[in-house]
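Contents: one structure, followed by commentary.
Everything numeric in this text was worked out from a predicted model, so none of it was measured. Because only heavy atoms are used, hydrogens play no part in the values below, and waters and symmetry mates are left out as well, while side chains stay in.
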Amino acid sequence: MDEKEVGVINIIPFVDIMLVLLTIVLTTSTFIARGAIPLELPRASRQAGEALKTSTIEIDNRGLIFVDGAGTTVEGLPQRIGQVSRDTPVLIRADRGVALQAFVNVMDTVKNMGFRRVSLQTETRN
């Protein structure tokens, strides 16, 4: 049995696939160029000044504590956030190199003061 060589390659399926890929790229590039999908958000009656403030506690890698940008110690923490409403959200931002005990001391102080809305800021892994 003699096999015959194929002398012609059909490129029509290849062209079809390339056109589909081109369509996908062009469609998604319009979303990327704008930065986001355009939305018209609903309006609320709350005034801008009525927005709930967040108190931020930061612990750097040396264990220094800052409340809304002002330096303090664990012992001085109750005086710094004592006048803040207990319904105010508290955001704790701790450096990943900080000793665990320093973080636990701050968290314990905040919880013992009666703050109910306490959260820890983290970053997602890539």
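- Distance check: Thr73 OG1 to Asn105 CG gives 11.0 Å after rounding to the nearest 0.5 Å.
- The shortest non-hydrogen separation linking Glu58 to Arg93 is OE2-NH1, 2.6 Å.
- Remark: Arg80 CZ to Thr109 OG1 distance equals 15.0 Å, nearest 0.5 Å.
- The backbone N or O of Val98 lies less than 3.5 Å from no partner atom in the side chain of Asn61, so there is not a single donor-acceptor pair.
- When all heavy atoms of Thr72 and Val67 are compared, the pair lying nearest together is CG2-CG2, 3.7 Å.
- With hydrophobic clusters built from ILVMFWY side chains whose heavy atoms lie under 4.5 angstrom apart, Ile57 shares a cluster with Val74.
- Shown here is Leu19, whose CG atom has more than 12 heavy atoms of other residues, nucleotides or ligands within 6.0 Å.
- Remark: Ile12 CD1 is loosely packed, at most 12 non-hydrogen atoms of other residues, nucleotides or ligands lying under 6.0 Å away.
- Closest non-hydrogen pair, Thr54 versus Thr88, comes out as CA-CG2, 4.3 Å.
- In this structure, Asp108 contributes its side chain and Val104 its backbone to no donor-acceptor pair below 3.5 Å.
- Counting all heavy atoms, side chain and backbone alike, Gly114 lies closest to Arg86 at O-CB, 3.8 Å.
- Nearest approach of Ala94 to Leu120, heavy atoms of both residues: N-CD1, 4.4 Å.
- In this structure, the separation between CD on Glu75 and CD1 on Ile65 is 8.0 Å, given to the nearest 0.5 Å.
- Met18 and Leu26 end up in different hydrophobic clusters when Ile, Leu, Val, Met, Phe, Trp and Tyr side chains are linked at under 4.5 Å.
- When all heavy atoms of Ser55 and Ile81 are compared, the closest pair comes out as OG-CG2, 4.2 Å.
- At a threshold of 4.5 Å between side-chain heavy atoms, the hydrophobic network of Ile, Leu, Val, Met, Phe, Trp and Tyr places Ile17 and Phe14 in one connected group.
- Residues Val84 and Phe66 fall into different hydrophobic clusters, defined by Ile, Leu, Val, Met, Phe, Trp and Tyr side chains chained together at heavy-atom separations under 4.5 Å.
- In the hydrophobic cluster analysis, where Ile, Leu, Val, Met, Phe, Trp and Tyr join through side-chain heavy atoms closer than 4.5 angstrom, Leu91 is grouped apart from Val110.
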